[in-house]
Chemist: 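Before I ask anything, let me first share the structure, which is written out below as structure tokens.
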Amino acid sequence: MTRNRALRYGGRTLALATTAIGMIASAVPAVAEEQPTTEQIMADCASGEGKCSFNAPEIGQAYLGEPRQVSELLYNCTSSPASQSMAWADTVGSSHSVGGSVTVGGGIEGIITAGVTATYNYTWQSSRTETSTFTVSVQPGEVGWISRSQVMQQISGTWQTHYDDPKWGHYYWFVPDVVTGPAPNGTDGKHNAVVVKSRKMTADEKKLCSTGATRGAVFTR
């Protein structure tokens, strides 16, 4: 089954809901040609047309994300170890399995936040930004930089749309989803990590050190 067909319209739940409001005579499944894509459902959630909710969210165990470079590169073209204070900044956003990234301030972000807050009394944030300075020490002929890992968490749940008038044959559509995003530092005992990394210069980088402007100097790029 392709992702675009990985939708479900709630079987018995839909039948009960639509019978209660008396607007659909029966809950006969829509044929394949009538089914929307996940992109169409999420677009309606983002625009508000679908009157969506993010139901039964379940927060997974926090884990440390992959390290990523958050500073410029520092080249040591001298013959002695060198240290320099460097500023760094890192913004980590969220994504979900059926719709790509979660836009800060968008409709999807607010719906997820409402669902998580109602269930856990926990304020979920789709993006986190950290900035600071760190002293980078680099050996002669090496390149150094600052790397950072963010505490991450996954939230699984189900999108539910409710249309004022039937769309694709139904008032309700359901889409399972997994949201991956940054978590507060210290969640489940996991902590953000900031480290200095270094490596040997490449042949091309060594050529930069041999130019008049950078010979015997420490420079960033």
Side-chain angles (χ1 to χ4, degrees), residues 1 3-14 16-18 20-21 36-68 70 89-132 148-164 167-168 170-194:
M1 179 178 290
R3 189 184 69 153
N4 287 346
R5 295 293 178 255
L7 303 168
R8 46 193 176 89
Y9 44 82
R12 179 174 175 79
T13 300
L14 177 60
L16 292 173
T18 54
I21 61 177
T37 65
T38 55
E39 289 82 0
Q40 288 172 314
I41 290 293
M42 297 314 299
D44 282 356
C45 286
S47 69
E49 180 182 350
K51 296 182 179 178
C52 293
S53 59
F54 189 63
N55 297 340
E58 295 184 4
I59 299 180
Q61 190 77 11
Y63 63 94
L64 196 60
E66 292 295 320
R68 44 196 267 167
V70 294
D90 187 27
T91 298
V92 180
S94 299
S95 62
H96 55 142
S97 61
V98 298
S101 61
V102 177
T103 303
V104 175
I108 295 299
E109 180 192 39
I111 298 170
I112 297 172
T113 300
V116 174
T117 300
T119 304
Y120 295 96
N121 194 28
Y122 159 65
T123 303
W124 177 81
Q125 291 181 303
S126 65
S127 177
R128 291 180 182 272
T129 299
E130 298 286 342
T131 61
S132 189
R148 180 176 182 271
S149 298
Q150 168 71 44
V151 177
M152 304 291 288
Q153 212 163 26
Q154 290 189 329
I155 304 173
S156 59
T158 301
W159 294 98
Q160 175 184 322
T161 64
H162 174 210
Y163 296 101
D164 291 333
K167 192 168 184 179
W168 299 292
H170 296 283
Y171 284 89
Y172 298 88
W173 287 93
F174 297 83
V175 182
D177 194 8
V178 178
V179 180
T180 302
N185 190 35
T187 301
D188 295 335
K190 303 295 182 180
H191 296 273
N192 300 330
V194 179

Chemist: For the residue pair Pro182 and Gly93, what are the closest heavy atoms and their distance?
Modeler: CD-O, 3.4 Å
Chemist: Can you see which heavy atom on Ile108 is nearest to which on Ala46, and at what distance?
Modeler: CD1-N, 3.9 Å
Chemist: Begin from the C-alpha positions of Val92 and Met152 and carry the test side chain to side chain contact (heavy atoms under 4.5 Å, CB included) through to its verdict.
Modeler: CA-CA 9 Å; Val92 180; Met152 304 291 288; 3.8 Å; yes
Chemist: Is Asp164 close to Lys51 at the side-chain level, that is, under 4.5 Å between some pair of heavy atoms?
Modeler: yes
Chemist: Closer than 3.5 angstrom, by distance alone: can the side chain of Asn192 be matched with the main-chain N or O of Gln150 as a donor-acceptor pair?
Modeler: no
Chemist: Checking the side chain of Gln153 only, and the main-chain atoms of Gly60 only, is there a donor and an acceptor separated by less than 3.5 Å?
Modeler: yes
Chemist: Within this structure, what is the OG1-CD distance for the pair Thr91 and Glu130, rounded to the nearest 0.5 Å?
Modeler: 9.0 Å
Chemist: Between the side chain of Thr161 and the main-chain N/O of Tyr172, is any donor-acceptor distance below 3.5 Å?
Modeler: no
Chemist: Nearest 0.5 Å, what's the CZ-CD1 distance between Phe54 and Ile112?
Modeler: 5.5 Å
Chemist: Return the set of residues passing salt bridge (Lys or Arg N to Asp or Glu O under 4.0 Å) with Glu49 (not counting sequence neighbours), or none when no residue passes.
Modeler: Lys167
Chemist: If you take all heavy atoms of Asp177 and Ser97, which pair is closest and at what distance?
Modeler: OD1-OG, 2.8 Å
Chemist: Spell out, as yes or no, whether a donor-acceptor pair under 3.5 Å connects the side chain of Ser126 to the backbone of Ser94.
Modeler: no
Chemist: With rounding to the nearest 0.5 angstrom, report the OG1 to OH distance, Thr187 to Tyr122.
Modeler: 5.5 Å
Chemist: Looking at residues at least two apart in the chain, or sitting in another chain, which of them share a side-chain contact (heavy atoms from CB on, under 4.5 Å) with Ala193?
Modeler: Leu64, Ser149
Chemist: Using every non-hydrogen atom in the two residues, find where Ala62 and Val151 come nearest and quote the distance to one decimal.
Modeler: CB-CG1, 3.9 Å
Chemist: Can you see which heavy atom on Tyr120 is nearest to which on Ile59, and at what distance?
Modeler: OH-N, 3.3 Å
Chemist: Enumerate the side-chain hydrogen bond (donor to acceptor under 3.5 Å, both in side chains) contacts for residues 52-63, please, sequence neighbours excluded, ordered by first and then second residue.
Modeler: Ser53-Asn55, Asn55-Gln160
Chemist: Determine the sole option in Tyr163, Trp159, Trp173 for which the side-chain hydrogen bond (donor to acceptor under 3.5 Å, both in side chains) test with Asp44 is passed.
Modeler: Tyr163
Chemist: State the CG-OG1 distance between Asn121 and Thr119, to the nearest 0.5 angstrom.
Modeler: 10.5 Å
Chemist: Looking at every non-hydrogen atom in both residues, tell me the closest pair between Val179 and His96 and how far apart they are.
Modeler: CG2-CB, 3.8 Å
Chemist: What distance separates Met42 CE from Ser47 OG, expressed to the nearest 0.5 Å?
Modeler: 10.5 Å
Chemist: For the side chain of Glu109 and the backbone of Gln125, is there at least one donor-acceptor N/O pair under 3.5 Å apart?
Modeler: no
